[in-house]
Enquirer: 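Following this message is one structure expressed as structure tokens.
Protein chains get the first letters and strands the later ones, always in sequence-line order, with residue 1 at the start of each.
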Number of protein chains: 2
Amino acid sequence: MRKLLLLSTSVLQNGKYLDYASDVIKAFFAENGVSKIVFIPYAAHDHDAYEKKVKDAFLEFGLELNSIHKSDNLMATVKEAQGFFVGGGNTFLLLKTLYDLNLLEAIKSRVLQDGIPYMGSSAGTNLATVNICTTNDMPIVHPPTLDAFGFLPFNINPHYLDHDPTSKHMGESRETRLSEYHDIPNAKSPPVLGLREGSWLQVKDDQILLKGSISNQTARLFVRGQQTKEHEVNSDLSFLLKM
Amino acid sequence: MRKLLLLSTSVLQNGKYLDYASDVIKAFFAENGVSKIVFIPYAAHDHDAYEKKVKDAFLEFGLELNSIHKSDNLMATVKEAQGFFVGGGNTFLLLKTLYDLNLLEAIKSRVLQDGIPYMGSSAGTNLATVNICTTNDMPIVHPPTLDAFGFLPFNINPHYLDHDPTSKHMGESRETRLSEYHDIPNAKSPPVLGLREGSWLQVKDDQILLKGSISNQTARLFVRGQQTKEHEVNSDLSFLLKM
Ligand SMILES: [Ca+2]
Ligand SMILES: [Ca+2]
């Protein structure tokens with residue numbers, strides 16, 4: 001069982017927080033009968049401020065949301081959750097905090113065994129995949145491992161960005177960074193989906209749909225040893241579960 | 001003791017490998033009486049190819065360079081080295097490989113105790129600092145710790161890049177990423193020097209000079225709890241040793 005909504009970004013330029021995806025967020029929780037959501041704020045430092053921002057946005061969607069950091073029994077809160085939203089920020093901080101609080105396995109089991117809906121954005125989307133090896137974030141803290149929830153057997157690179165051919169900058173392009181991952185000798189680095197801002201994945205059990213708010217947008221798929229390939233919004237990417 | 005040459009980048013746009021810094025590289029090794037350099041290639045996957053590229057560049061500088069990966073006694077090679085060059089690539093891969101091969105402490109001791117000159121570029125510059133928490137690279141592998149050589153008690157962000165105000169991209173700017181590092185509650189995250197491409201540090205014992213090949217360039221200093229500050233090329237940054 002697997003009910004996932006995975007956004008590349010929380011906000012588009014000049015937009016309000018989560019506004020561009022409001023319809024899909026409302027539909028995702030409505031069709032799963034969820035009206036009250038547990039928020040995971042650990043990708044940011046200031047949990048109170050983060051909760052306020054997200055709570056306000058969800059209220060406008062007609063949804064109640066409460067951050068887990070205010071609970072005095074984290075495990076009970078996870079066990080009773082109807083749905084989760086894991087917000088963006090720093091992916092290393094998010095993963096390390098979930099390990100430190102012993103929440104990783106608990107949330108994982110709720111989503112995979114009990115079919116509890118999981119929405120992620122940016123760092124929260126990274127966490128839904130096999131590991132955080134393809135985050136864009138800085139390693140400001142050191143998690144015990146890079147392994148994440150593994151709801152999906154591949155990687156996502158959120159905020160995927162094309163190389164700007166006019167740039168004079170010589171730091172690696174996103175494409176080069178991802179090829180470094182796939183070029184590790186004798187490794188089995190899984191495929192990586194480069195998910196551009198404005199796109200998201202809707203996952204229901206064994207079906208993965210690529211969706212987006214920007215017309216003609218594509219997502220770029222990196223597979224070890226193969227040429228990269230663009231997939232258009234509205235494509236069925238379920239084949240990624242069998243690679 | 002400390003003799004360091006730390007470059008932000010190995011190459012400038014349209015340039016040959018290390019070409020923009022050739023004079024300073026020649027001077028650095030000459031004034032320390034070094035004619036034969038041990039190359040550390042572990043930031044890249046293909047050590048043979050990497051050695052060839054670097055060897056050719058150093059030959060043009062009149063310097064002999066051999067990669068440590070061809071040695072059948074790594075520890076002896078470190079112990080006999082006249083000088084080191086640690087090249088760029090993926091910082092996580094570089095650090096993990098040095099830990100895996102038990103080379104981190106050995107090289108550190110040669111540089112700090114024996115005063116052996118150390119040149120780093122990009123990832124090799126990250127490694128010279130207290131840790132790799134401010135690398136721009138993806139965590140394609142998981143080192144046992146993020147602690148690095150610690151020749152300097154602060155962090156460097158190589159390839160430092162200003163935010164492009166015309167960009168529609170919503171992923172964090174470099175500035176935001178560095179503030180995430182300094183905003184960790186109850187931590188002692190050290191200062192971070194944002195070293196732009198074309199700049200480098202020359203370190204001799206307790207003197208740190210900011211140098212560069214581009215006129216009027218500055219480096220940006222991030223200090224926890226303070227406003228960022230720009231320092232011009234040719235500034236003396238020795239105060240960073242006492243912060
Ligand atoms: Ca982030
Ligand atoms: Ca790099």
Enquirer: Could you tell me whether the side chain of A/L195 reaches within less than 4.5 Å of the side chain of A/N157, counting heavy atoms only?
Expert: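 Side chain of A/N157 against side chain of A/L195, heavy atoms only: no contact under 4.5 Å found.
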Enquirer: Do the side chain of A/Q217 and the main chain of A/E197 share a donor and acceptor less than 3.5 angstrom apart?
Expert: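 Indeed, once roles are kept as given, a pair shorter than 3.5 Å links the two residues.
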Enquirer: What part of A/P144 gets closer than 4.5 Å to chain B, counting heavy atoms only: side chain, backbone, both or neither?
Expert: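 Looking at A/P144, just its backbone touches chain B.
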Enquirer: Can you tell me how far OG of B/S22 sits from OH of B/Y17, rounded to the nearest 0.5 angstrom?
Expert: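 Going from OH on B/Y17 over to OG on B/S22, the span is 13.0 Å.
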Enquirer: When rounded to the nearest 0.5 angstrom, what is the spacing between CG in A/N234 and OG1 in A/T218?
Expert: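 So the gap between those two atoms works out to 12.5 Å.
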Enquirer: Out of B/E172, B/H159, B/K168, B/H169, return the one with the most heavy atom pairs under 4.5 angstrom to chain A.
Expert: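 With the most close heavy-atom pairs to chain A, the winner is B/H169.
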Enquirer: B/G198 and B/I214: which non-hydrogen atoms are nearest, and at how many Å?
Expert: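 Smallest interatomic distance, heavy atoms only, reads CA-CD1, 4.2 Å.
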Enquirer: By a 4.5 Å heavy-atom criterion (distance strictly below it), what part of A/L12 contacts chain B: side chain, backbone, both, or neither?
Expert: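 Contact with chain B is through the backbone of A/L12 alone.
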Enquirer: Evaluate the criterion side-chain contact (heavy atoms from CB on, under 4.5 Å) for residue pair B/K229 and B/H231; output intermediate values, then yes/no.
Expert: CA-CA 7 Å; B/K229 198 175 161 193; B/H231 291 271; 4.1 Å; yes
Enquirer: In residues 99-107 of chain B, which residues are in contact with chain A at a heavy-atom separation under 4.5 Å?
Expert: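 Counting heavy atoms that sit under 4.5 Å from chain A, no residue of residues 99-107 of chain B is involved.
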Enquirer: Between B/S167 and chain A, with a heavy-atom cut-off of 4.5 Å, which part of the residue counts as in contact: side chain, backbone, both or neither?
Expert: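 Only the backbone of B/S167 comes within 4.5 Å of chain A.
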Enquirer: Quick one: do A/L98 and A/L127 satisfy side-chain contact (heavy atoms from CB on, under 4.5 Å)? Show the steps, please.
Expert: CA-CA 10 Å; A/L98 289 176; A/L127 246 71; 3.3 Å; yes
Enquirer: Checking an interface table here. Which of residues 180-191 of chain B come within a heavy-atom distance under 4.5 Å of chain A?
Expert: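 Under the 4.5 Å heavy-atom cut-off, B/E180, B/Y181, B/D183, B/I184, B/P185 qualify.
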Enquirer: For chain A, find which of B/T9, B/N90, B/N14 contributes the most heavy-atom pairs closer than 4.5 angstrom.
Expert: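 Looking at each option in turn, the highest pair count goes to B/N90.
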Enquirer: Listed by residue number, which members of residues 130-143 of chain B have a heavy atom under 4.5 Å from any heavy atom of chain A?
Expert: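 Hits under 4.5 Å: B/I132, B/C133, B/T134, B/T135, B/N136, B/D137, B/M138, B/P139, B/I140, B/V141, B/H142, B/P143.
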Enquirer: Where the side chain of A/S173 meets the backbone of A/T176, is there a donor-acceptor pair that is under 3.5 Å apart?
Expert: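 Yes: the side chain of A/S173 pairs with the backbone of A/T176.
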Enquirer: For A/S10, which atoms come within 4.5 Å of any heavy atom of chain B: side chain, backbone, both, or neither?
Expert: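 No part of it gets close to chain B.
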Enquirer: Which residues satisfy the side chain to side chain donor-acceptor pair (under 3.5 Å) test with B/Q13, sequence neighbours excluded?
Expert: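 If we apply the side chain to side chain donor-acceptor pair (under 3.5 Å) test to B/Q13, skipping adjacent residues, there are no hits.
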Enquirer: Among B/D46, B/T145, B/N155, who wins on heavy-atom pairs under 4.5 Å with chain A?
Expert: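 If we count pairs closer than 4.5 Å to chain A, B/T145 comes out on top.
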Enquirer: Spell out, as yes or no, whether a donor-acceptor pair under 3.5 Å connects the side chain of A/S8 to the backbone of A/S199.
Expert: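 Checking the backbone N and O of A/S199 against the side chain of A/S8, no donor-acceptor pair under 3.5 Å is found.
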Enquirer: Heavy-atom distance under 4.5 Å between the side chains of B/L240 and B/L221, does that happen here?
Expert: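 A side-chain contact exists here, since the closest heavy-atom pair is under 4.5 Å.
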Enquirer: Do the charged groups of A/D56 and A/K52 touch, with an N to O distance under 4.0 Å?
Expert: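 Judged by the 4.0 Å cut-off on N to carboxylate O distance, A/D56 and A/K52 do form a salt bridge.
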Enquirer: Using every non-hydrogen atom in the two residues, find where B/P41 and B/S67 come nearest and quote the distance to one decimal.
Expert: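 Minimum heavy-atom separation between B/P41 and B/S67: CG-OG, 3.2 Å.
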Enquirer: Considering the options B/F149, B/F84, B/F85, which one meets the ring-ring contact (aromatic ring centres under 6.0 Å, His included) requirement together with B/Y118?
Expert: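 Passing option: B/F149.
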Enquirer: Can a salt bridge be assigned to the pair B/K26 and B/E60 using a cut-off of 4.0 Å between side-chain N and carboxylate O?
Expert: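 Looking at B/E60 together with B/K26, the answer is no, because their closest N to O distance does not fall below 4.0 Å.
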